[in-house]
Amino acid sequence: KCEDKTITYEAVKAIADNILSRIKVKPVIGIICGSGLGSLTEAITNAQNIDYKDIPGFPVSTVPGHAGRLVIGMLEGLPVLAMQGRFHYYEGYPLVKCSLPVRVMKVMGIEYLMVTNAAGGINPTYKVGDIMLIRDHINFVGFSGNSPLRGPNDDRLGPRFPPMTDAYNPALITRALSVAKEMGIPDVVKVGTYCFLGGPNYETIAECKMLHTCGVDAVGMSTAHEVVVAQHCGLKVFAFSLITNKSSLDYEKKEYANHAEVVAVGKSRESTCRELMCRMIKSIAAE
Ligand code: R1P
Ligand code: CYT
């Protein structure tokens, strides 16, 4: 069964070498663009694009709002590799394949991973368009033992039992809060807990009520498996969710989430998200 198949270090390295042989810079920052947030890459200069379908062994994107290509170039003085399109479990890929690009980034020599996503706001104080810096996650899909780390461990990629404490780099969160002040948007930027559900159906009202009780602030169908792999292989992670709708906690106030709206909110907030990302990269460049 494909779920149980391990992706070997050699396979990861072959993909990393293939990409490196085709690009002019050696990226130090990896970026994963969430639904509707593909235009985060527009600030990248001297950009080279590589379609996922042209990378042997790479999965391909199947979700609208995820273009399915790498954009490699310079951002705020640093070489970056951005994924316009990520892989979700509901697309049919096993988690190890969904998060394969993160391992490829590591083997390419990347040190930082910047992750974005579109998410439903569970925290009742959140508004559509808010940006939640992710401090921690609840990996609901992982509760059943479904992990991208399942199977034999290759120590070249990371330890068998990685801790998840500080998987979301606390110093980068602190810095992002300063950046939000500089940008004049401290009220828009929150800090919270993201919950990964398998999807592709949106969360039910009862699920939202439960997640709220469990301390979840935003809910989506991605990110946690990528961050588990990033922490396993030692990448420094900064992640944020764009709140694209308010998840209903009340049968009297029903909400009907839909992907067109998710992508539209992403589009309407693209310049703010891009500026936050650019300023974070600038601060890393200044380190
Ligand atoms: C649902 O509208 C889609 O938006 C989010 C959910 O995970 C789901 O894929 O996308 P990203 O997490 O990729 O931003
Ligand atoms: N859920 C949601 N993604 C989700 O999974 N409400 C918005 C975006």
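Order of appearance sets the numbers: ligands from 1, and atoms from 1 within every ligand.
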Peer 1: Report yes if some N/O of Thr244 lies less than 3.5 Å from some N/O of ligand 2; otherwise report no.
Peer 2: no
Peer 1: Please state whether Glu203 comes within less than 4.0 angstrom of ligand 2, counting heavy atoms only.
Peer 2: yes
Peer 1: With heavy atoms under 4.0 Å as the rule, classify the contact between Ala119 and ligand 2 as side chain, backbone, both or neither.
Peer 2: backbone
Peer 1: Which residue holds the protein heavy atom closest to atom 7 (C) of ligand 2, what is that atom called, and what is the gap in Å?
Peer 2: Asn245 OD1, 3.1 Å
Peer 1: Checking side chain to side chain contact (heavy atoms under 4.5 Å, CB included) against Leu70, which of Asp51, Thr41, Ile55 comes through?
Peer 2: Ile55
Peer 1: Where is the nearest protein heavy atom to atom 4 (O) of ligand 1: which residue, which atom, and how far?
Peer 2: Ser35 OG, 3.2 Å
Peer 1: Are any of the heavy atoms in Gly199 under 4.0 Å away from ligand 2?
Peer 2: no
Peer 1: What is the nearest protein non-hydrogen atom to atom 9 (O) of ligand 1, stated with its residue, atom name and distance?
Peer 2: Tyr90 OH, 2.6 Å
Peer 1: Looking only at protein heavy atoms, which one is nearest to atom 12 (O) of ligand 1, and how far off is it?
Peer 2: Ser222 OG, 2.6 Å
Peer 1: Quick check: are there more than 12 heavy atoms from other residues, nucleotides or ligands sitting under 6.0 Å from CD of Glu252?
Peer 2: no
Peer 1: Closer than 4.0 angstrom, basic N to acidic O: yes or no for Glu287 and Arg175?
Peer 2: yes
Peer 1: Between Arg86 and Glu226, does any NZ, NE, NH1 or NH2 come within less than 4.0 Å of an OD or OE carboxylate oxygen?
Peer 2: yes
Peer 1: Could you tell me whether Val262 approaches ligand 1 through its side chain, its backbone, both or neither, with non-hydrogen atoms closer than 4.0 Å?
Peer 2: side chain
Peer 1: Working to the nearest 0.5 angstrom, can you tell me the gap between Met183 CE and Glu275 CD?
Peer 2: 4.0 Å
Peer 1: Less than 4.0 angstrom from a charged side-chain N to a carboxylate O is my criterion; do Glu270 and Lys267 meet it?
Peer 2: yes
Peer 1: If I apply the N/O under 3.5 Å rule, does Asn117 come out as touching ligand 1?
Peer 2: no
Peer 1: Which ligand 2 atoms does Val219 reach within 4.0 Å, using its non-hydrogen atoms?
Peer 2: 1 (N), 4 (C), 5 (O)
Peer 1: I'd like to know if Arg156 and Glu10 make a salt bridge, using a cut-off of under 4.0 Å between side-chain N and carboxylate O.
Peer 2: yes
Peer 1: Identify, by atom number and element, the atoms of ligand 2 in contact range of Gly220, meaning under 4.0 Å from any of its heavy atoms.
Peer 2: 4 (C), 5 (O)
Peer 1: Same cluster for Phe140 and Val115 if Ile/Leu/Val/Met/Phe/Trp/Tyr side chains link at under 4.5 Å?
Peer 2: no
Peer 1: Atom 8 (C) of ligand 2: which protein heavy atom is closest, and how many Å away?
Peer 2: Ala118 O, 3.4 Å
